[in-house]
Structures are given as C-alpha cells and as structure tokens.
Amino acid sequence: MLKTAASKTRRISTISHIARGSQLRWNSSWHQTAKAGFTVGTEQYNKFRPTYPSEPIAQIREAVNAPPPLNVAELGSGSGIFTRNLLAHPAWAESIGRLRAVEPSDGMRQSFDKSIQDPRVVTTDGTFDITGIPDGWADIIIVAQAFHWATNYDAAVTEFARILKPNAPLALIWNMEDRSRAAWLKQCRERIEQYENNSPHFRFGLWRKAFDVPSWDKYFTRPVEKVHEYHHPGTMERLVNRSVTKSDVAPLPDDEKKKIQKDIASYIQKGDGMIWIDKEKGIFEYPHQVTLVLAHRKD
C-alpha cells in the first residue's frame, strides 16, 4: 500500500525541492506582509496570542483515517501556539508519532524551539510550496492561522497532495477575534486595520480561491467548513499587548505602536458592549470564532 501511495505522489509535478535561501522561500509563496510582520516581536506574539478551544482540535483528529502513531505535517507553524495545543490535547497526545513543523521565519522557529521540547517534534525552514517533506509521508497536514498568507495556491495545493498519503486529511484552521459580538472589539479591530496595505487577511476570504485552482479538484475532495464561537477570558494587559503583534503593526516604530496601545486601552476602558466575567479583577469576555476547513486527499 505504501509503495502504491509513493508511486502516485511521485507523478505529481512539483517545484524543485533543492535547498534554497530564506529570501527565495519567503518570496516564492508567502505574502510580504507576513515576511515583515513575523520577523519581529515573535516573543510577544507567542505570549499574547490566544490558545485554541478543544472542540475543533478534536474534530481534526476525527478526520484522520490512519491508525497511530501518526505523521503530522504542520505548515506555517509559527511560534508553536497551535502545536502546544495539539500536543496537550487528549485526542492527540498519544496519537502523534512524528510532527514536522515547517516555518519560513527564523524568529518564529526560534520562539517555537524555546517553548516546545518534545522528541517527536522537529522544526524546519520551508513554505507552503517547498516543505522539504518526503513524498506520501503525512497522515495529516494542518495549517493554523497561516494559509491566508499563501500567494501561489496551485503550487501549495500540489505540494500538499505530494506529501499526503491517499485519503489523508488537510485541515486549515483560524482562531480569530469576533468583532460582531462586541462593540469595543470592533473599535479595537478598526484602529489596527488602519495600517493594512492590501494584505490578504483572513476576513477577506481570498484564501478560498485555493478551492478553485486546477490542482484542488484533481487531488482533493471538496472542502467542508465548520465554525465554532467561544470566548477567552480577556484582560486589559493581554489585549493591549496583543494589538502590536498584528502583522501590519509589528514592524511600526515604537512611538506609533504606543499610540495604538493607548487607543486600544481607551476602547477597553470605555467598554461598549463588554460582558464582564469578574469586573473586580478586570476579566471580561473576549469573543473569538474558530473557522475549520477540512478536505481529504483523493486516493
């Protein structure tokens, strides 16, 4: 069976996997905003970005057809926020055999390596279309909070098909602030979004174009999308510090970032539509929405 899987995947026409410099890797398939925004402030990103709720992670596990131990390819692994959630989740903790975390940002990989010491996990330089992972190796590909930065969907989808085993799932997941459920959060988002420069952020839905490229229907089943609403316990400190981890904001001068933080603090202080968990301790509901997209590699 493995021989058949390998022979099928090798017939896929792919970009050469000869080692290339980081500059070319970034330019090949990742948007320049991500390049600029995720090479600075990675420790802040790791500290103040939110964790993931349990239910969507369990749903990803349910999509896997293969028995453990599983080979997991996590692409765009960043500082390891999702990876830590995955490794700790009861549905995954004993199921993972090897996890290859592929990330083009040196700073993000360094932050990842500081926070995760697990013999099953290895971090490598790479992008969506140049992963460096062997043909037919992966029992699942997971892309958390990253696929919207892809610039060549056809090349990325072809690479996903190359490294996946037949019938193996592809999971795209995002954990986003939900401005529709709180006026104060809408104010915060609109303040930060003033710095966007035609960046392909998740909310614009440009990433859905991947489902229309020729390679998608050739190699994958049609995607199924699931949405999970929840809230984090928020605090003034967490939100003010998180505001400057955004990709469009992180590269700004310090004085500009301080202005943003001051404004974010004022919106939270005003608290339009805020729901308190513990007002004395300054803890409030911080609305989020997880979007999970699942598809399977065709046999």
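Quick caveat: nothing in here was measured; it's all calculated off a predicted structure.
- Summarising the local packing, CD of Q117 is surrounded by more than 12 heavy atoms from other residues, nucleotides or ligands at distances under 6.0 Å.
- Here the NZ-CG distance, from K165 to D299, works out to 13.5 Å after rounding to the nearest 0.5 Å.
- Within the 6.0 Å centre-distance limit, the rings of F128 and F147 are counted as a close aromatic pair.
- Once rounded to the nearest 0.5 Å, the distance linking CZ of R242 with CD1 of I192 reads 8.5 Å.
- Contact record, D139 with V64: O-CG1, 4.3 Å, taken as the closest heavy-atom pair.
- The distance from the CD1 atom of I268 to the CG atom of L239 is 4.5 Å, given to the nearest 0.5 Å.
- Residues T124 and R100 have side chains that never bring a donor and an acceptor to within less than 3.5 angstrom of each other.
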>> salt bridge (charged side-chain N to carboxylate O under 4.0 Å, His left out), that's the test. Do R203 and E193 meet it? Break it down for me.
In response: CA-CA 11 Å; R203 74 181 189 280; E193 288 161 6; 3.5 Å; yes

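- Between N175 and Y230, the side chains place a donor N or O and an acceptor N or O closer than 3.5 Å (distance only, hydrogens not considered).
- Residues W137 and A73 approach most closely at CZ3-N, 4.0 Å, considering heavy atoms.
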>> With side-chain hydrogen bond (donor to acceptor under 3.5 Å, both in side chains) as the criterion, how do Q261 and S243 come out once you've worked through the C-alpha distance, each side chain's angles and the decisive distance to 0.1 Å?
In response: CA-CA 7 Å; Q261 289 180 311; S243 68; 4.7 Å; no

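- If you check the side chains of S199 and D248, you find a donor sitting under 3.5 Å from an acceptor.
- Side-chain contact check for E74 and T83: at least one donor-acceptor pair (N or O, by modelled atom type) lies under 3.5 Å.
- Counting non-hydrogen atoms of neighbouring residues, nucleotides and ligands closer than 6.0 angstrom, the NZ atom of K270 reaches no more than 12 such neighbours.
- The line from CZ of R191 to SG of C188 is 10.5 Å long, rounded to the nearest 0.5 Å.
- Neither M236 nor I275 shares a network with the other; the hydrophobic side chains, linked directly or stepwise wherever heavy atoms of I, L, V, M, F, W or Y lie under 4.5 Å apart, form separate groups for each.
- When side chains are defined from C-beta on, D272 does not count as touching K186, because their heavy atoms never get closer than 4.5 Å.
- Checked against P50 for a side-chain contact (heavy atoms from CB on, under 4.5 Å), the options H288, M176, R238 give a single hit: H288.
- Between the side chains of H231 and D178, no donor-acceptor pair is found at a separation under 3.5 Å.
- Environment of CD in E225: crowded, with over 12 heavy atoms of neighbouring residues, nucleotides or ligands closer than 6.0 Å.
- Tested against W174, the residues Y52, W207, W149 include a single ring-ring contact (aromatic ring centres under 6.0 Å, His included) partner, W207.
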